[in-house]
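Here is the structure we will look at.
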Amino acid sequence: MKTILQKTNAFILSIILMCSVFPIEVNAAYEIPKTCQVQTDVGATNIVKTLDYSYDYNTYFSLRDIAMILKDTEKNFSLDITKNAVALNIGNAYIPVDTENIPWENSENPDIPLRRNEFKVNGQKVSYYTMIMMLPSGGYDCFMMAVDLAMLLDMDITVARAGVLQFNTQSSFSISPAILQQTGYFYGVNSVLVGDATTGEVFYQYQSDTSFPIASTSKLMTCLLTMDAIAGGQISLEQTVAVSEAVEALSGSSDGVIPFEAGQQITVQELLVGALLPSSNECALCLAETIAGSEEAFVQLMNQKALELGLSQAVFFNSNGLPSFTEDPIPAKRQNRMSAKDMFRLVSYLLKVYPQVKDITSMEETTLQSLNLEVKNTNPLLRNMPEVTGLKTGTTNKSGACLVSSLIVDDGTIQHDLVVIVLGTEDSIERGRVSALLARYALQTFDTNIEEVNNDSISGYLPTHAEAAVDWVLQTAKSAINPS
């Protein structure tokens, strides 16, 4: 792997560990109010109110306090906060409400839900978990993770000394997974892998050879086999299929996502969209039955394809990633499994052979016309990073929260697909945050590689599928005619 940017900061954990503790019980049942001191590289210094959500040191910071500190810097922003919505405008002057940078007005632990409140940055919707609370003196404040704000503002944050955070407004956000691993950041994650699917280069990996349950990221294999069936002329995107009784039954279960009735008609295109965006288990089952006649036969195709691709740690029991039970008197509960390295191979192949899948996975929302149903993409990174093009979320109790992300970048000659694989985080909040950090690292590393590699030479291997090869040629020709 090429030399990685050396300006890295293990601030994510150190921010939490270095914040000064307000005199409150650390085993409080809800949010724990504290304060910490923040200073900038232009001399501004003040205290910032914080809330530890559920656990001590799981710290969220007052946006109003930070806005006041940054108001005369290059990272200034304005705020408009209501009961359940935040509008943040970078570069606008902040108007104080006279509650900033003062200690908590009482010592009681507030009970505020952590959720995806409506959040807009410069008028564009983004996706972050925040806490909004009404202030005793009137108005509202919003509390946000420092790392989320650092990525949003593209600003470097370090620990100046115990209990003091340094906001480096003239330095860009930078991340080092190796340092995070040393500090134990990935101990709550099954495995991660970051790489370039176009060249096959792996930038960073953690426990990537170990097989773990993969939940609904299994649908990427279902998608691949569906695209194979389309390319082979077995089915077509426009083809209409009838919903089976098994699909209806799954739809009505606790794992149902989209309501279906047996005999209902829907196109293959819509089934793909339903499987990939809202992660419909019944859409994946319907595709499996359409292609192979039964899910059992389709699972054989899945495992056969895994062998063909060299996915040595992969095993599939169904088309959607739900727990699968045997018919024994004491049933065994099985789940589809794969290593992060195998997932990288699968995704690299899928993106090379069928790059058009990104036309689906890059959509934030769409409407299934056959059902007159609006569906939304479960991938939170799509709303926060313009480079993100997919790919798939997944969650079960056993697998934890998983996310396979793809990002498109350009080296001046061709476009590359960067891939971030995160398996087994504690919940969807951590899934999104770990994935966002590693996605920023992927972009950071790719930019560094461009500086070090002669763009006249193209590393990696060409796609083997005719359609992907044509796309590659067109992309190369376009870049040559219109260099960036």
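In this chain, residues are counted from 1 in sequence order. What you see below is based on every heavy atom in this structure, not just the backbone, and it leaves out hydrogens, waters and symmetry mates.
Atom CG of Asp328 sits in a crowded spot, with more than 12 heavy atoms from other residues, nucleotides or ligands closer than 6.0 Å. With a 6.0 Å radius and a threshold of 12 heavy atoms from other residues, nucleotides or ligands, Gln124 has its CD atom at or below the threshold. Enclosure of atom CD in Glu245 is not indicated, since only 12 or fewer non-hydrogen atoms of other residues, nucleotides or ligands lie within 6.0 angstrom. Applying the 6.0 Å contact sphere to CD of Gln234 captures more than 12 heavy atoms from other residues, nucleotides or ligands.
Ser399 and Thr396 share a donor-acceptor pair across their side chains, judged by distance under 3.5 Å alone. Looking at Glu289 and Ser244, their side chains do bring a donor and an acceptor atom within 3.5 Å of each other. A side-chain donor-acceptor contact under 3.5 Å links Lys392 and Ser279. A donor-acceptor contact closer than 3.5 angstrom is absent between the side chains of Ser362 and Thr389. A donor-acceptor contact closer than 3.5 angstrom links the side chains of Ser319 and Glu295. For the residue pair Gln207 / Thr210, no side-chain donor-acceptor distance below 3.5 Å is found, with atom types taken as modelled. Using modelled atom types and a 3.5 Å distance limit, the side chains of Thr222 and Lys219 yield no donor-acceptor pair.
Of the residues listed (Leu250, Asp255, Val257), the one engaging Ser280 in a side-chain contact (heavy atoms from CB on, under 4.5 Å) is Val257, and it is the only one. With Ile235 as reference, Val268 is the one residue of Val241, Val268, Leu287 to meet the side-chain contact (heavy atoms from CB on, under 4.5 Å) rule.
His416 has its side chain within reach of Asp411: a pair of non-hydrogen atoms, C-beta onward, lies under 4.5 Å apart. Within the 4.5 Å cutoff, no side-chain heavy atoms of Ile421 are placed close to those of Val192. Leu307 is not listed as a side-chain neighbour of Asn303, based on a closest heavy-atom distance of 4.5 Å or more. With a 4.5 Å cut-off on side-chain heavy atoms, Thr82 and Asn84 count as touching. Two residues are said to be in side-chain contact when any heavy atoms from C-beta on lie closer than 4.5 Å; Cys223 and Leu276 meet this criterion. Side-chain contact between Phe173 and Leu437 is present, with heavy atoms from C-beta onward closer than 4.5 Å.
Of all non-hydrogen atoms in Gln415 and Thr198, the two that sit nearest each other are O-OG1, 4.0 Å. The two residues Phe203 and Asp196 come nearest to each other via the heavy atoms CZ-CB, 4.0 Å. Across all their heavy atoms, Ala292 and Phe298 have their closest contact at CB-N, 3.5 Å. For Ala401 against Thr395, the heavy-atom pair with the smallest separation is CA-OG1, 3.8 Å.
Here the CE atom belonging to Met363 is positioned 8.5 Å from the CG atom belonging to Asp359, to the nearest 0.5 angstrom.
Between the side chain of Gln300 and the backbone N or O of Ala297 there is no donor-acceptor pair closer than 3.5 Å. With hydrogens and angles disregarded, no donor-acceptor distance shorter than 3.5 Å links the side chain of Asp80 to the backbone of Ala87. In this structure a side-chain-to-backbone donor-acceptor pair under 3.5 Å is present from Asn318 to Leu322. Of the possible polar contacts, one joining the Ser211 side chain to the Gln313 backbone as a donor-acceptor pair under 3.5 Å is found. Ser406 places a side-chain N or O within donor-acceptor distance of the main-chain N or O of Gly390, the cut-off being under 3.5 Å. A donor-acceptor pair under 3.5 Å is absent between the side-chain atoms of Ser339 and the main chain of Asp209, judged by distance alone. The backbone N or O of Phe317 sits nowhere less than 3.5 Å from a side-chain atom of Arg334 that would complete a donor-acceptor pair.
For an aromatic pair to be called close, the ring centres must be under 6.0 Å apart, and Phe186 with Tyr204 satisfies this.
Between Asp417 and Lys352 there is no salt bridge, since none of the side-chain N atoms of the basic residue sits less than 4.0 Å from a carboxylate O of the acidic one.
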Could you go through Glu426 and Arg431, starting from their C-alpha distance and side-chain angles, then the distance that decides it, and tell me whether this counts as side chain to side chain contact (heavy atoms under 4.5 Å, CB included)?
CA-CA 7 Å; Glu426 182 178 3; Arg431 172 178 67 187; over 6 Å; no
Tyr60 vs Asp52, side-chain hydrogen bond (donor to acceptor under 3.5 Å, both in side chains): CA-CA, chis, key distance, verdict:
CA-CA 6 Å; Tyr60 290 71; Asp52 281 11; over 6 Å; no
